[in-house]
Amino acid sequence: MSAANDTNRTTTNRHRINSPISPPTPKSSYKIASIPGDGIGPEVIAAAVEILKALTKKLSKFKLEFTEFDWGTERFLKTGSYTPEDYLEVLREFDAILFGSVGSPSVPDHISLWGLRLAICQPLQQYANVRPTRILPGTKSPLANCQPGDLDWVIVRENSEGEYAGQGGRSHVGCDHEVATELSIFTRTGVRRIAHFAFNVAQNRPRKMLTYVTKSNAQRNGMVMWDEVVQEVAKDYPDVSVDHMLVDAMTVRMVLNPRSLDTILATNLHADILSDLAAALAGSIGIAPTANLDPTRKNPSMFEPIHGSAFDITGLGLANPVATFWTASEMLHWLGESEAAISLMDAVEKTCAAGIVTKDLGGKAGTKQVTEAVLGEILKL
């Protein structure tokens, strides 16, 4: 079950009624902003758009209208900006955003990240970053004794503040006494809303378990407040079992006892790191999806694979499109089209089970071969 869809199911439970998560409004047609970006981004986004068009045509229940934007490093090098000035107004006209990647060897990473991805997530209040992870059929974990079902997690990452709040600066640049500050900003409002979101996810998963991760033994202000707020919110969800881990101990637990985990809540930085580890433990970062959600639905949410631009394999036809297909499935769930979302993931899983996988998963197929195999499964629906 999709993490995004978990948050949309209606119930009379008072905790759900008071949650900040708005239900989807199904439509006959959805407007999707496509931002392929850099590196392998255009390759995997093109594959996903092809798959989504085939799926919607096969199901004949709704349409997806794609508009592609050239917002990436090439545009930045030509114009000095990744986006036009009115980019937020442009994006607000869409139902969702399908994003490839940003980053290039020609531009420092902190410029590209803040110039495009974070420039979308923060002002559009996409404060819930959701990263489901599991071992797909036909693939295996690098953990020797980890079987499918032993590793099935949803990582919920606070996506708007914390360590990536963007506060700080540098002075006396280049001098021996240069000072650089990077401030982590935690607000009670920000922690409370992401905690409610994570508990909603946990409440609608079969095991009803939530582990929240901080570093409150060493970071005695922001992290201690995190602990306090999560514990307060937990009282509203008596059916969810809760435990707490320090982030360093959490990495050990993820490796040694993956079955002990289910829904994981962490700060912007901690969840960013832990979700990459989770993807590797599930088989490859090439399968890992992301949903950047505005749970109020006042703004469009953005969906992206987490693998980045991967310039080392750009243009070689080797990129694994599974992360983007899974991401597209999460987008369909969020839009309220769960039947299509499940059909898409079924096609992906059947393709993986048949051994048609890319090199990062131990296979020999390329982007085109995996895409064609998934298309074949969709045509069988």
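Because only heavy atoms are used, hydrogens play no part in the values below, and waters and symmetry mates are left out as well, while side chains stay in. Note that the structure is a prediction, hence the values are computed from the model and not measured.
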Side chains of T214 and H244: do they bring a donor and an acceptor to under 3.5 Å? yes

Test V240 against R207 for side-chain contact (heavy atoms from CB on, under 4.5 Å), laying out the working first. CA-CA 8 Å; V240 177; R207 299 175 70 191; over 6 Å; no

Are H333 and I342 close enough that some pair of their side-chain heavy atoms sits under 4.5 Å apart? yes

Report yes or no: does D95 contribute a side-chain atom to a donor-acceptor pair with the main-chain N or O of Y30 at less than 3.5 Å? no

Tightest non-hydrogen contact, residues Q369 and A365, listed as CB-CB, 3.9 Å

Run K61 and E339 through salt bridge (Lys or Arg N to Asp or Glu O under 4.0 Å) and show every step you take. CA-CA 10 Å; K61 294 186 176 181; E339 178 187 351; 2.7 Å; yes

Is there a donor-acceptor contact under 3.5 Å from the side chain of S141 to the main chain of L281? yes

Between S22 and R297, do the side chains contain an N or O donor and an N or O acceptor separated by less than 3.5 Å? no

Check ion pair E228-R192 (N to O, under 4.0 angstrom): no

Residue pair T187 / T189, side-chain donor-acceptor N/O under 3.5 Å: no

Can a side-chain donor-acceptor contact be found between Q122 and Y127 if the only test is distance below 3.5 angstrom? no

Given the rule in the salt bridge (Lys or Arg N to Asp or Glu O under 4.0 Å) test, do R253 and D243 qualify, once you have shown the distances and angles that lead to the verdict? CA-CA 13 Å; R253 182 174 169 185; D243 69 326; 2.6 Å; yes

Could you go step by step and tell me if E65 and F94 meet the side-chain contact (heavy atoms from CB on, under 4.5 Å) rule? CA-CA 10 Å; E65 300 176 9; F94 290 86; over 6 Å; no

Taken to the nearest 0.5 Å, the spacing of H177 NE2 from S171 OG works out to 8.0 Å

How many angstroms lie between CG in L318 and CD1 in I313, if you round to the nearest 0.5 Å? 6.0 Å

Side chains of D248 and K215 in contact at under 4.5 Å (non-hydrogen atoms): yes

Are L274 and M250 close enough that some pair of their side-chain heavy atoms sits under 4.5 Å apart? yes

Under 3.5 Å side-chain donor-acceptor pair for W334 and S301: yes

Inter-residue atom distance L91.CG - I97.CD1, 0.5 Å rounding: 4.5 Å

Which atom of T371 lies closest to which atom of A47, heavy atoms considered: OG1-CB, 3.5 Å

Is the shortest side-chain heavy-atom distance between V156 and N129 below 4.5 Å? no

Tell me every residue that passes side chain to side chain donor-acceptor pair (under 3.5 Å) with S160, counting only those two or more places apart in sequence or in another chain. E158, R193

G317 backbone acceptor or donor facing T367 side chain under 3.5 Å: yes

Hey, what do you get for CG (N221) to CE (M225), rounding to the nearest 0.5 Å? 10.0 Å

Quick one: which residue pairs count as a ring pair (Phe, Tyr, Trp, His ring centres under 6.0 Å) with a foot in residues 253-276, not counting sequence neighbours? none

Using atom types as modelled and distance alone, determine if a side-chain donor or acceptor of N200 lies under 3.5 Å from a backbone N or O of H196. yes

Can you classify the ring geometry of Y82 versus F76 as parallel (below 30°), tilted (30 to 60°) or perpendicular (above 60°)? parallel

Begin with the C-alpha distance, continue with both residues' side-chain angles, and end with the deciding distance and a verdict on salt bridge (Lys or Arg N to Asp or Glu O under 4.0 Å) for R188 and E232. CA-CA 11 Å; R188 181 168 287 270; E232 290 172 7; 3.1 Å; yes

Non-hydrogen side-chain atoms of L55 and L381 separated by less than 4.5 Å: yes

Over all atoms of both residues, closest heavy-atom pair of R170 and A180: CG-CB, 3.8 Å

Go through R205 and D152 one step at a time and tell me if the salt bridge (Lys or Arg N to Asp or Glu O under 4.0 Å) criterion holds. CA-CA 11 Å; R205 284 171 62 81; D152 186 351; 3.4 Å; yes

If you measure from SG on C121 to CG on L293, what distance do you get to the nearest 0.5 Å? 10.0 Å

When you compare the side chain of L344 with that of I51, does any pair of heavy atoms fall below 4.5 Å? yes

Just by distance, with hydrogens left out, do R157 and S275 show a side-chain donor and acceptor under 3.5 Å apart? no

Aromatic rings F199 and Y237: how do their planes relate, parallel, tilted or perpendicular, breaks at 30° and 60°? parallel

Do E330 and P132 make a side-chain contact, defined as non-hydrogen atoms from C-beta onward lying under 4.5 Å apart? yes

Under 3.5 Å, is there a donor-acceptor pair between the D38 and S309 side chains? no

Side-chain (T351) to main-chain (I356) donor-acceptor, under 3.5 angstrom: no

For residues D239 and Q203, is any side-chain donor paired with an opposing acceptor at under 3.5 Å? yes

Residues L246 and S216: closest non-hydrogen pair is CD2-N, 3.8 Å

Using atom types as modelled and distance alone, determine if a side-chain donor or acceptor of E337 lies under 3.5 Å from a backbone N or O of M331. no

Verdict with supporting geometry, F69 and F99, ring pair (Phe, Tyr, Trp, His ring centres under 6.0 Å): CA-CA 10 Å; F69 296 95; F99 185 87; over 10 Å; no

Exam field: side chain S34 to backbone E68, donor-acceptor pair closer than 3.5 Å: no

Has the side chain of R75 got a donor or acceptor atom that lies under 3.5 Å from a matching backbone atom of S81? yes

Looking only at the side chains, is there a donor atom on one of N257 and R259 sitting less than 3.5 Å from an acceptor on the other? no

Between Q167 (side chain only) and L183 (backbone N and O only), is there a donor and an acceptor less than 3.5 Å apart? no

Contact check, side chains of R92 and N299, non-hydrogen atoms, under 4.5 Å: yes

So, does T327 use its side chain to make a donor-acceptor pair with the main chain of F303 at under 3.5 Å? no

Electrostatic pair R134:D150 at N-O distance under 4.0 angstrom: no

Can N159 and Y164 be counted as having a side-chain donor-acceptor contact under 3.5 angstrom? no

Of I120, L116, I35, the one forming a side-chain contact (heavy atoms from CB on, under 4.5 Å) with T83 is L116

Taken to the nearest 0.5 Å, the spacing of K58 NZ from I378 CD1 works out to 10.0 Å

